[in-house]
Asker: 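Following this message is one structure expressed as structure tokens.
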Amino acid sequence: MPDRPDLDLSHLPTAGFGSRSAITWGTYGFILLEATGFALAIGAYFYLQSRSSEWPLGVIPPDLEPGTILTLAMLASLVPNHFIKAFARNHRVQAVRLGLVLMSVVGVALLVIRALEFAVLNVRWDTNAYGSIIWLLLALHTLHLLTDVADTIVLTALIFTRHGHKKRRLGDVEDNGVYWDFVVWSWLPIYAVIYWVPRW
Amino acid sequence: MCSPCHKVAGLVLLLAIAGCEREEREFQSPPPQSGDAGAAVLSTLSPGSSAPQATPSPTGRKYNQNAYHISEGKRWFRWFNCNGCHANGGGGSGPALMDEKWIYGGSIEHIAATIRQGRPNGMPSFDGKIPEQQIWQLAAYVRSMSGNAPKPARPSRNDALNPGPAEQQRDPLPTVGGAAQGPR
Amino acid sequence: MNIALTAAAILLGLMIQSSTAQESNSQPDAISPRSAAVQEEDGQWLMAAKNYASTRFSGLDEINAMNVKDLKVAYTFSTGVNRGQEAAPIVAGGTMYVVTPFPNYLYALDLTKPGAPPKWKFEPNPDPSAQGIACCDVVNRGAAYADGRVFFNTLDSQTIAVDAETGKELWRVQLGDINKGETMTMAPLLVKGKVIVGNSGGEYGVRGWIAALDATTGTTVWKAFSTGPDAEVLIGPDFKPFYAMDQGKDLGVTTWPPNAWEQGGGNVWGWISYDPELNLIYYGTGNPGPWNADLRPGDNKWTAGIFARDADTGQARWFYQWSPHDLYDHDGVNENILLNMQWDGKARKLLVRPERNGHLYVMDRATGEVLSADPFHAITGTLGVDLKTGRLRYNPEKEPKVGRVVRDICPAAPGAKDWNPSAFSPRTGLLYLPHINICMDVEATEANYIAGTPYVGMEVRMKAGPGGHRGEFSAWDIAARKEAWTINEKFPVWSGALVTAGDVVFYGTLDGWFKALDARSGELLWQFKTSSGIIGQPVAYRGPDGKQYVAVLSGVGGWSGAIVAGDLDPRDATAALGFVNAVPDLKQATTPGGTLYVFALP
Amino acid sequence: MSSSDEGLRDTGLDSVRLHDWLSRTWDHKRGLVGWFSTVDHKVIGRRYIITALFFLALGGLAAAIMRLQLARPENTIVGPDLYNQLFSMHGTTMMFLFAVPVMEAFAIYLVPLMVGTRAIAFPRLNAFSYYVFLMGGLMMWIAFAFNTGAEAGWFSYVPLAGPEFSPGKRTDFWAQMITFTEVAALSVAVVVIVTVFKQRAPGMTLNRIPLFVWSELVTSFVVLFAMPAVMMASTMLILDRLVGTHFFNPAEGGDALLWQHLFWFFGHPEVYIIFLPATGMVSAILPAFTRCPVFGYTAIVLSLIATGFLAFGLWVHHMFVAGLPQLGSSFFTASSMVIAIPSGIQIFCWIATLWLGSPVYRTPLLFVLGFIVIFVLGGLTGVMAAAVPIDAQIHDSYFIVAHFHYVLVGGAVFPLVGAIYYWYPKATGRMMSERLGRWHFALAFITFNAAFFPMHILGLAGMPRRVYTYPAEAGWSAMNLVVSLASLAFAFSFVLLAWNMMRSLRHGTPAGPNPWTAGTLEWATPSPPPPYNFARIPVIDNVEPLWRGNGSPAGEVSGLRVDARELLVTTLTEAMPDLREPSPADSIWPLLAAVAVGATFFGSIFTPWAVIWGLGPVAVTLIGWFWPKGAPEDE
Amino acid sequence: MRTGSRLSAAILALFLAGCTGLPAGLDPAGPAAEMITGLFWWFTAICTAVWALVVLGLGASLLRARPADDGASPLDRGSARRISATRVVTALVGATALVLVALTISAFITGRGLAQLRGEQVRTIEITGHQWWWEVRYSDGGPAETLATANEIHVPVGEAVRLSLRSNDVIHSFWIPRIGGKQDLVPGQVNHLDFTIDKPGIYRGQCAEFCGFQHAHMGLVLVAHPRDEFERWFSSQLKPAQAPRGAEARAGQQAFLSRSCVMCHTVRGTPAGGKIAPDLTHIASRSGVAANTLPMTRGALAAWIADPQAVKPGAHMPRTELDSDELNSILAYLEQLK
């Protein structure tokens with residue numbers, strides 16, 4: 001093949017944010033398939049509800065307090081998360097570091113509240129199908145929460161090393177923020193289903 | 001090859017054999033073996049210094065480990081109205097079977113003998129009414145109720161009203177009372 | 001409607017209200033609950049229900065609401081059997097007769113001597129195998145005394161007559177076959193020289209019957225089955241049931257799938273009352289078998305109902321079915337209290353029945369007409385009784401289904417009250433009711449009939465009813481058709497009740513308290529902790545020393561206490577046909593026992 | 001610390017030095033660790049294809065034994081227990097371990113080449129997915145060898161697969177290994193989507209994407225939405241079996257049909273996950289052998305997308321006789337009919353392509369022609385099955401067995417075999433034997449029809465599916481014998497293929513870069529392609545870029561680093577150059593992570609606590625995977 | 001080519017030898033089945049035509065005469081004909097859509113027609129699927145007309161029948177090809193299948209949903225009688241079992257009641273009341289044993305009782321150790337249970 005360099009691309013940047021970056025699209029892909037999983041689990045919940053003459057099945061609905069506190073805390077965490085994403089875009093490494101430390105602490109705190117949530121569901125997973133499906137929903141979301149909190153902690157550690165200044169790592173910070181948004185927003189329908197649907 | 005490799009290989013082989021035994025679906029019982037019932041000794045007491053000998057039978061071992069036999073036993077347990085008296089292991093007019101107490105011995109040979117012969121305080125004798133293979137299957141299941149069967153072979157819940165944690169989720173209980181225990 | 005008419009209607013309503021209120025205030029004389037079935041008070045206790053009217057009312061008034069707080073143990077006696085003690089001690093002359101659960105020892109205690117030492121002990125030696133076919137513990141509900149003889153049943157289906165003085169056996173007859181699951185646990189009733197007995201085994205597909213035995217020889221005078229052709233049920237030309245649903249030929253066959261009546265239950269293991277004026281005995285029939293109602297389409301005559309029979313011939317006079325096509329194991333064997341009183345302004349011969357389905361029935365005992373059926377307990381399983389047709393209306397949402405758990409059926413299988421009898425005081429006009437406040441989740445399953453093994457077809461898981469307490473003890477005003485008072489108990493109340501002319505009500509609890517309440521207010525006046533849970537029937541008698549005594553057997557067991565008596569495992573919610581799940585904490589509250597407690601004022 | 005802007009660029013390098021540099025940068029290390037560390041999509045893709053074909057052989061072997069058993073009435077070669085395991089393993093293997101992986105494997109191998117990029121997106125995730133797939137598949141078959149094979153069918157209907165009726169660990173293995181292997185499928189889907197979205201050669205606008213790439217893109221999206229359903233279902237199943245949940249226990253508020261809804265919400269799209277890439281293969285093969293661009297490019301792309309959407313609207317037609325409300329069934333009849341339209345459009349476009357072009361009858365084209373004849377028949381019996389009254393009669397009978405083998409073997413395996421003949425020279429540098437190929441085609445085509453056509457009649461004669469034997473009086477014996485003989489012959493035709501593939505590896509005629517003078521970019525690289533794929537990334541102005549006058553693309557780009565793995569990232573729709581992103585180096589961590597995840601899944605078959613124990617190793621391996629090592633190519 | 005045609009001729013011959021007349025699925029025995037069969041043939045005709053046209057089109061496109069290669073770029077090949085090709089393809093797609101609409105509508109019409117066949121007056125028969133046999137219950141009349149039998153359904157000709165289908169264990173599927181259609185038996189719900197039989201006769205079917213080891217041997221038989229014959233059958237079935245006649249049969253009854261038979265089977269009128277296996281009260285009146293795996297002959301019955309696991313491996317009927325006297329007496333007893 002003859003060498004015919006037509007298009008010189010050496011001026012192109014080596015990292016981008018948002019939809020410019022391939023990694024972000026990968027994150028979107030995983031968010032999409034996980035959201036599908038959530039949607040199916042919620043669909044299974046309503047399907048089981050439609051097949052039962054009473055709901056919940058012979059037990060009282062979960063206590064509201066821990067779940068509601070967690071929901072509010074998660075919504076509040078969207079604010080620092082938003083700023084961390086903006087700091088990362090603007091390459092403000094120190095601000096990103098502080099923000100990630102904050103998010104790690106918040107994440108761990110949320111996991112603690114989540115543990116309390118399991119305690120007040122008022123039903124065991126093996127009591128009946130209602131118990132099974134709400135445990136599944138909560139466990140499914142907890143898995144995502146846990147993953148992202150772990151991810152945040154690792155990222156926090158990473159960003160304090162020399163890699164912290166790499167634009168690419170800041171892109172990772174942004175992706176982690178995007179994923180956190182997903183963890184928060186996906187919680188809202190699950191919260192509604194676990195805590196409010198049995199009260200209708 | 002290094003000796004740890006041998007050990008690992010040996011372990012894998014053992015697991016594999018266990019898996020094969022556990023999953024075998026043996027529909028047809030071989031003719032009853034001599035010594036199957038001989039293992040049952042109901043008392044730990046014996047005059048003199050030597051303890052009574054209780055040797056587990058190969059039949060007992062086979063049924064004890066096999067998931068299919070145990071699950072068939074669970075089926076017979078309902079079909080033959082064992083659950084009428086013993087409920088799902090918690091007992092009723094008959095004693096609880098999921099606990100650690102065994103009036104007439106807790107080895108599979110004892111349980112099989114109890115089903116076969118009946119016991120004086122109300123346990124009917126099913127000799128001739130329940131074929132030998134099913135007796136062993138029942139006995140294996142009854143043992144699994146107190147967790148005394150390999151966990152992967154123990155049954156899980158039924159598609160029925162939930163009576164509590166299934167056999168698979170129960171912690172194995174030591175077998176107390178009633179009989180001399182063979183090594184198991 | 002115009003205003004005047006409305007005003008008149010309201011006025012009328014008020015008048016009626018105030019008049020009934022007056023009536024209930026002016027008791028006890030305005031209602032005359034006495035009937036011929038109530039004998040004069042003689043200080044004895046000859047039959048479990050005290051009298052033919054089954055009032056469990058003692059005319060003794062030495063112990064009253066004022067002094068009951070001083071009640072002390074006079075003596076105790078260990079029966080030597082640690083199973084459920086459901087019997088009523090029988091007092092005749094200077095002797096007390098106590099029959100124990102299996103192995104059904106019969107003790108005679110000499111009341112004339114200090115501490116009431118045993119006079120003799122009779123051991124009937126029933127077949128131990130019978131223990132395996134007793135659905136709900138190896139209980140016995142008491143003996144009966146007549147003419148110097150004591151009669152009682154053994155678990156392996158024998159009726160035995162013993163000389164009251166010497167303890168020598170006079171006769172014994174084998175009435176049932178344990179290989180079919182047949183047992184006997186009920187207290188016999190002596191009527192006109194006949195011992196009336198019935199069998200148990202509704203959970204084993206046993207065909208129920210009642211029989212009258214000659215008291216001197218033990219030979220069967222008549223025997224009436226609860227299912228099958230009219231000839232075997234002793235239904236003849238005299239049979240005049242009030243409601244159309246009970247009229248027809250061979251309903252004991254045609255209301256069953258072919259041959260199903262042969263394993264149809266309807267056992268007679270509860271209480272029998274007797275009206276000497278009408279010469280009728282009244283008794284209930286047990287649940288149809290199996291519990292799974294899908295396997296026995298039809299009304300399943302003559303189970304879960306009440307028979308009135310001629311005491312001499314056994315011929316049925318009328319029948320009424322509490323639970324046609326019973327869905328919930330509601331045996332119709334509870335006590336029938338016979339009262340003569342004003343009803344709707346007319347003097348009537350009544351039969352009062354607190355039934356398991358939670359309704360208190362008031363019936364005309366001459367005709368079998370249901371006059372009222374008021375709920376005395378929280379009910380979800382049924383929607384009331386249609387007084388026109390006499391039919392119980394089931395709640396379609398709570399009908400057990402095959403393969404699906406139906407939740408929160410109230411009352412549960414033991415009913416709002418089980419066999420544990422209530423007591424009626426003519427002084428207060430109140431009926432004192434032990435309650436079981438338990439609901440259940442059930443799943444109907446396939447049921448396999450194997451003779452001598454249980455035939456149930458239902459997975460049951462019981463739990464505390466509304467309010468979370470599992471028992472209640474209440475007083476029901478029969479005339480006013482409403483509850484007078486109620487107190488909650490932690491555990492189901494499985495003991496009988498006793499009321500005395502001293503206006504004190506006695507009952508015991510599963511965790512071993514023996515309690516005395518003010519009969520009018522329900523106020524707790526006195527309580528004593530016995531060695532084990534109480535499921536027995538308290539009695540009152542006048543001792544040879546002229547003092548009033550109150551006696552009760554303590555010893556947990558029965559269906560409700562099976563978890564303790566049988567050492568069952570609470571991890572299995574279905575243990576003891578589901579009862580264990582309702583009382584998983586009972587093992588922490590009490591232990592097995594078997595002790596007679598007798599109380600007196602110091 | 002070096003800035004990435006400082007590396008050595010390809011600008012001005014002559015082709016020899018360019019090759020040296022790129023080879024040094026992109027090639028994987030030698031040795032066992034190197035072998036397990038490679039993230040080269042061609043290596044991974046090749047392993048994927050070979051593994052999938054290996055599972056095809058196992059699945060085929062299971063089928064052959066089943067047909068031996070069914071050759072005569074009341075035969076006793078295998079008993080019901082083994083037979084049930086065999087057909088369960090056959091279905092599970094063919095669907096989960098062969099068809100989906102092989103279709104995704106072709107994407108892994110070909111998509112980066114066809115879109116003109118040096119590596120697949122997320123190459124480590126790609127490698128991870130392979131190890132997951134391999135371990136999942138192997139564990140399933142090893143379990144079978146130890147008498148712990150799936151026994152409740154590939155569809156594992158509860159309650160038969162539930163805790164009460166499937167004792168032991170057999171179904172546990174099935175459920176966990178399904179969840180596990182679907183992790184692989186989902187990972188590949190994300191990888192393929194991002195590769196197509198962000199790594200296309202400059203100028204490859206949406207309407208210049210090769211149809212095969214389109215089909216894999218749509219397939220990947222279908223995977224993304226469908227696979228979570230089966231993972232959810234199999235997770236519920238294992239929970240029911242292991243920890244006593246009640247999802248499928250009707251007594252406690254669960255529902256047996258919930259399984260079917262979830263399973264078929266995946267299971268029907270699954271058919272299109274297999275079929276769509278096959279249509280892409282057809283659309284790739286046809287132009288090469290008709291010397292004519294595919295007729296109706298836009299129509300075909302829209303058909304692919306429409307099929308992808310509609311695939312989710314017809315799962316209920318697998319449940320027409322399960323007792324669902326009438327109205328719902330009518331809707332699904334209509335939707336099942338509608339999906340015939342996009343398929344019809346593609347068929348007509350292909351025939352039009354043949355009409356317009358000048359066909360050259362080489363083996364790949366023969367298989368495509370065979371595909372059209374067989375698949376159309378299978379599609380039409382599918383239309384019959386979409387009608388509720390007819391389905392009520394033929395459902396779960398051998399008619400349906402015939403139908404879906406016509407669709408899946410005819411619709412996917414025939415194009416796949418064609419694709420093997422077609423791309424074999426690209427992957428190996430040698431041609432397969434044409435003579436043997438023609439024999440193979442003739443044998444496969446005839447024996448396939450002889451094996452599966454009579455099944456239609458068997459089904460109508462009342463023979464249900466999944467029976468291990470049948471009575472002689474039923475009158476099905478003669479036809480079953482024909483079916484069995486033909487099936488064995490059909491199985492033999494694959495031996496020819498295997499022989500041809502193995503023999504040609506050594507003895508095939510050297511192929512050169514573009515033996516078929518095809519038009520898409522993969523033919524612009526040497527055969528087999530070097531680790532870096534393209535010495536210079538081409539610039540595209542056409543859907544068949546190599547069919548321009550001189551047989552090479554419209555242009556090339558420069559300015560990319562050669563001393564570090566660097567990719568050109570382009571914009572989503574217009575494929576304008578946007579970023580030069582680094583591409584990860586080889587790593588052993590994906591393998592370790594797959595082992596950790598695999599061990600967790602394996603452990604969870606025996607105890608739910610394995611999930612907790614497994615979290616640690618999984619976390620460690622994932623951190624090891626993502627933590628930058630400081631080597632320049634990682635930056 | 002020649003080998004191909006020879007082979008197809010051989011296949012055709014085998015088909016003709018294999019089945020007398022039409023396959024069962026296409027030989028309707030009642031109006032519902034007739035409608036389904038009609039729809040089937042209509043679909044088959046259309047689909048065959050479509051397939052033939054496609055294959056013809058394919059052949060034509062391959063065989064059409066082509067001008068010599070003009071050496072132009074393949075990109076430009078056929079561009080002249082593209083417009084006409086577009087028209088043809090568009091038309092074909094339109095035609096496809098029309099055909100599909102027609103087929104969909106005809107499917108709906110048939111579906112509605114099937115729904116309308118359900119009259120008001122129907123006889124309901126409850127079918128319960130078990131691993132691996134069919135429980136059949138008639139409970140339309142009063143409770144005393146409730147009848148339980150197994151593996152054999154009797155219906156009167158010309159009467160609308162509604163099957164009420166449920167399962168006690170796993171999913172089964174009820175399928176008798178000649179009465180048209182099938183319906184699953186799903187635990188936890190009740191499904192229905194409606195049909196009418198026109199012609200008296202015996203119709204065979206079997207479970208169509210995989211249900212475990214003996215899915216292959218879960219046969220059932222439907223017998224359609226004229227009405228009066230049906231009534232006779234029904235009333236004879238309602239009667240309890242015949243008392244054994246003869247010493248051997250009496251011994252057989254004793255053996256039956258004292259061995260494992262009594263644990264599972266019912267013989268009405270005796271203490272045997274097992275409900276987990278087929279009701280044997282009138283077993284000798286049925287045409288098959290072991291869910292119609294074997295014909296009702298003494299030999300088959302003996303084989304089945306002597307070693308059920310050899311006939312149906314994995315079935316729930318165990319082998320009971322019987323000596324030959326016991327076996328013979330039990331056979332003698334069962335043979336009298338007409």
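Just so it is clear: chains get the letters A, B, ... in the order the sequence lines come, proteins before strands, and each one is counted from 1.
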Asker: If I compare all heavy atoms of Pro143(E) with all of Gly298(C), which pair ends up nearest, and what's the gap?
Answerer: CG-CA, 3.5 Å
Asker: Count the heavy-atom pairs under 4.5 Å between each of Ala148(E), Gly269(E), Pro187(E) and chain C, then report the option with the highest count.
Answerer: Gly269(E)
Asker: I'd like a table of all donor-acceptor pairs linking chain E to chain C (distance under 3.5 Å, no angle check), giving the atom names and the distance to one decimal.
Answerer:
from, atom 1, to, atom 2, distance (Å)
Ala144(E), N, Trp256(C), O, 3.4
Asn168(E), ND2, Glu446(C), OE1, 3.0
Gly188(E), O, Arg404(C), NE, 3.2
Gly188(E), O, Arg404(C), NH2, 3.1
Met263(E), O, Asn448(C), ND2, 2.6
Arg268(E), NH1, Asn259(C), OD1, 3.2
Gly273(E), O, Tyr449(C), N, 3.4
Gly274(E), N, Tyr449(C), O, 3.3
Lys275(E), N, Asn448(C), OD1, 2.5
Lys275(E), NZ, Tyr455(C), OH, 3.2

Asker: According to salt bridge (charged side-chain N to carboxylate O under 4.0 Å, His left out), who are the partners of Arg245(E), at least two apart in sequence or on a separate chain?
Answerer: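 Salt bridge (charged side-chain N to carboxylate O under 4.0 Å, His left out) check on Arg245(E) returns nothing, list empty.
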Asker: Considering only heavy atoms, which portion of Pro240(E) lies under 4.5 Å from any heavy atom of chain C: side chain, backbone, both, or neither?
Answerer: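 For Pro240(E), the contact with chain C is made by backbone and side chain together.
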